[in-house]
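Below is one structure; the comments refer to it alone.
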2 protein chains.
Amino acid sequence: MKQTQREQPQRDREKPGPRRPRVSLSTIARAAGVSISTVSRIANGQLNRANPQTVARVQALLETTGYRPDNIGRSLRHGRSRIVAMLAPNLTNPAMAAIASATETALREAGYVMILCDTHDEPALQDEYLAAMRSQSVEGYVVVSGLATAMLEAFVEGGEPVVFVGRRPALRGRPAPFVGIDNRGAGAMAADHLLERGLRRFGLIHSATSSSAIEERVAGFRARLAERGVPASAIGTGMSLELQHLFAGYAATRQLVEAGGWPEGLFAVSDLMAYGAYRLAREAGIHVPRDCVIVGIDDNILNAWIAPWLSSVHVPYESFGTAILAQLRARWEGRGGGDALLPYRLVARADDACE
Amino acid sequence: MKQTQREQPQRDREKPGPRRPRVSLSTIARAAGVSISTVSRIANGQLNRANPQTVARVQALLETTGYRPDNIGRSLRHGRSRIVAMLAPNLTNPAMAAIASATETALREAGYVMILCDTHDEPALQDEYLAAMRSQSVEGYVVVSGLATAMLEAFVEGGEPVVFVGRRPALRGRPAPFVGIDNRGAGAMAADHLLERGLRRFGLIHSATSSSAIEERVAGFRARLAERGVPASAIGTGMSLELQHLFAGYAATRQLVEAGGWPEGLFAVSDLMAYGAYRLAREAGIHVPRDCVIVGIDDNILNAWIAPWLSSVHVPYESFGTAILAQLRARWEGRGGGDALLPYRLVARADDACE
DNA sequence: CATAGTTTGGCAAACGTTTGCCAACGATGT
DNA sequence: ACATCGTTGGCAAACGTTTGCCAAACTATG
């Protein structure tokens, strides 16, 4: 109700421009003196359904006119639009951009095009996009860091081909296909890195734990420290609900520091949060990594160039694309895809920023 | 596959194909006992074309069934798909991501959705995408850093609504709408910044000058230095054809340094190239900005957080979205949009990376 | 010459939507 | 009784494509 009313005023107002005369099957058919069906069949490679002469004539026309089948008509005919929708929060996050880029490439090579939707991490926007995409008859939904909403749940339950990436929203129903990493393991790996450096006082900053990924990373980090004998009292924590991870990292670190001073080793659940911590450290005159070692997760490409002080658990976003495509294919073929957990590794960097 | 069938007792055919039972106008019409036309009119807000009783009944059904008009049918009817295509090279470039994000937001608010295509800066891929998008009946093309190809030229000449962003490809025909900045001015501003710091020996690194934007930035930089009395002999140049600007910056700087040593002030035509230069400087033991001041163009968001040594000409990518939408609207309404040149400003940063 | 089989190609339906046109119907005015 | 008019709502065409089915026109076989 609300939706339809909102859409109407705009739609009626704008004028459709003069549409260019497109070459359609009927154009060719008229020119060749055959029926539309014949042209369609020849264009689709059924060369045995017509006289060789006719085939040649039609093929020549297809060639010279530069005919390209109209996807709208085709989509209408059989439900397939060759479009896949990707919903992501905040495209300006380098990790999201990397996922989007890899997915786009994989889909294109498979003959699909990708519609990219920025949900800004807002449930309402996510739902609006889901509805809009369904009305585009998209063939698949790639939901990056999705939010658990009733509509998303309905999509999954209704059998729509949804693949979750990075974070698994807390949905009640049957499990949906997933692409990501073992977040607990990544958190543990970060802990190992700090331990191997012989540090004693640790810090941990994270954003809202409503997200499964964040929660698991934190849990993995904590568990590993506990395993290796670090008392809980030696682990400070900072948290921020800021949506922008840069700001969240800054705020969480301040909270952490105000409570217990600067730690020797700091774990940030994402590289962006690590950047936020770095800014505060600079402002406070704390030298990274001499005074405080920071380890993040993501290993953004830029780290190698301008953040030589940041160790990070590398997540292979470049290969997310093919994994996502594989999961979609599995759903299309009726196979229920399980989890695709990709390998991660620690990239240690300990350079002073000014050599 | 067998398992899902067992789990779903009487679910309709999920196996044969991706056909889902959609609620269409005819569904509603049958249920309400009226014709499809009537439902269509009511759904589109023509409430005066039917008996109030009928209207109420149909509206109730639209509500309860959650009807959403199918965009494919609608697109087929009148050529409008409510889709705009954006073609960009390399989504992982933060500047591109920022443009994509802003454009997506502006388009969504206007009721459009955006298809994002990564051309990887390859002419063939750009053309392939142009053709594919036309067969989707997209209503507009946003070409970021486009490449001059015959097909792109044909699109512009044919009157397709194309808006160029950032870089203006060298097309022979009439000028097409453009969104970007005054690149000459930005280059000059960078020169001013270095001059104001009292430096004497300058360096300039750039990528392929086939792009109008790069060429203009370089020209603006050079012109301003000349104006203010700097002899050409005091300006070293490095160039690289690497497509990835990070690598290009590294390679170009090496070329520059090998020829004439490290300059006091270095201008990079993009922030990514500046990052490349920074890496080489670190490896060479050159301190930035003490030994060498670097100024770039773009002012990526991350600079404020992890590149406090980099001054940059800030480009307002956040506001590119609305400017692009305005240009598209102008084209749709038949007005020929001229250039939309947005304001830029220098953001000076001179902090030591380790305080 | 009759029957059967093959090639060649058109007809029409279907997908979902919008919209110009027309037909009932009732009410009002003369 | 008749003309006029507004209301209500259906019919059908159109957008471009694919495809099952049927019908000619041949060809081969008996």
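Reminder, nothing fancy here: chain letters follow the sequence lines and each chain counts from 1.
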* May I ask you to say what Asn71(A) touches in the nucleic acid, namely base, sugar-phosphate or nothing, with a heavy-atom cut-off under 4.0 Å? => nothing
* Asked: Side-chain contact, heavy-atom cut-off 4.5 Å: Leu147(A) with Leu152(A)?
  -> no
* Asked: Quick one: OH on Tyr67(B) to CD1 on Ile28(B), what's the gap to the nearest 0.5 Å?
  -> 7.5 Å
* CZ of Arg80(B) to CD1 of Ile72(A): how many Å apart, nearest 0.5 Å? -> 12.5 Å
* To do: Using only side-chain N and O atoms of Tyr67(B), determine if any of them is under 4.0 Å from OP1 or OP2 of dT17(C).
  => yes
* Quick one: Asp70(B) CG to dG16(C) C1', roughly how many Å, whole number? -> 6 Å
* Base-contact (B) and sugar-phosphate-only (S) positions in nucleotides 6-12 of chain C, heavy-atom cut-off under 4.0 Å, - elsewhere -> --BBBBB
* Asked: Heavy atoms, side chains only, cut-off 4.5 Å: are Met86(B) and Ile99(B) in contact?
  -> yes
* Asked: Parallel, tilted or perpendicular: which fits the ring planes of Phe155(A) and Tyr141(A), with parallel below 30° and perpendicular above 60°?
  -> perpendicular
* Asked: How close or far is atom P of dA13(D) from atom NE2 of His78(B), stated in whole angstroms?
  -> 21 Å
* Base, sugar-phosphate alone, or nothing: which one does Ser40(B) contact when heavy atoms must sit under 4.0 Å apart? -> base
* To do: Give, for atom CZ of Arg331(B) and atom CD of Glu160(B), the distance between the pair rounded to the nearest 0.5 Å.
  => 9.0 Å
* For Leu25(A) and dA14(D), what is the distance between atoms CG and C1' respectively, to the nearest whole Å? -> 15 Å
* To do: Measure the distance from CG on Leu62(A) to C1' on dT17(D) and round it to the nearest whole Å.
  => 14 Å
* Asked: Taking CZ from Arg74(A) and C1' from dT19(D), how many angstroms apart are they, rounded to a whole number?
  -> 14 Å
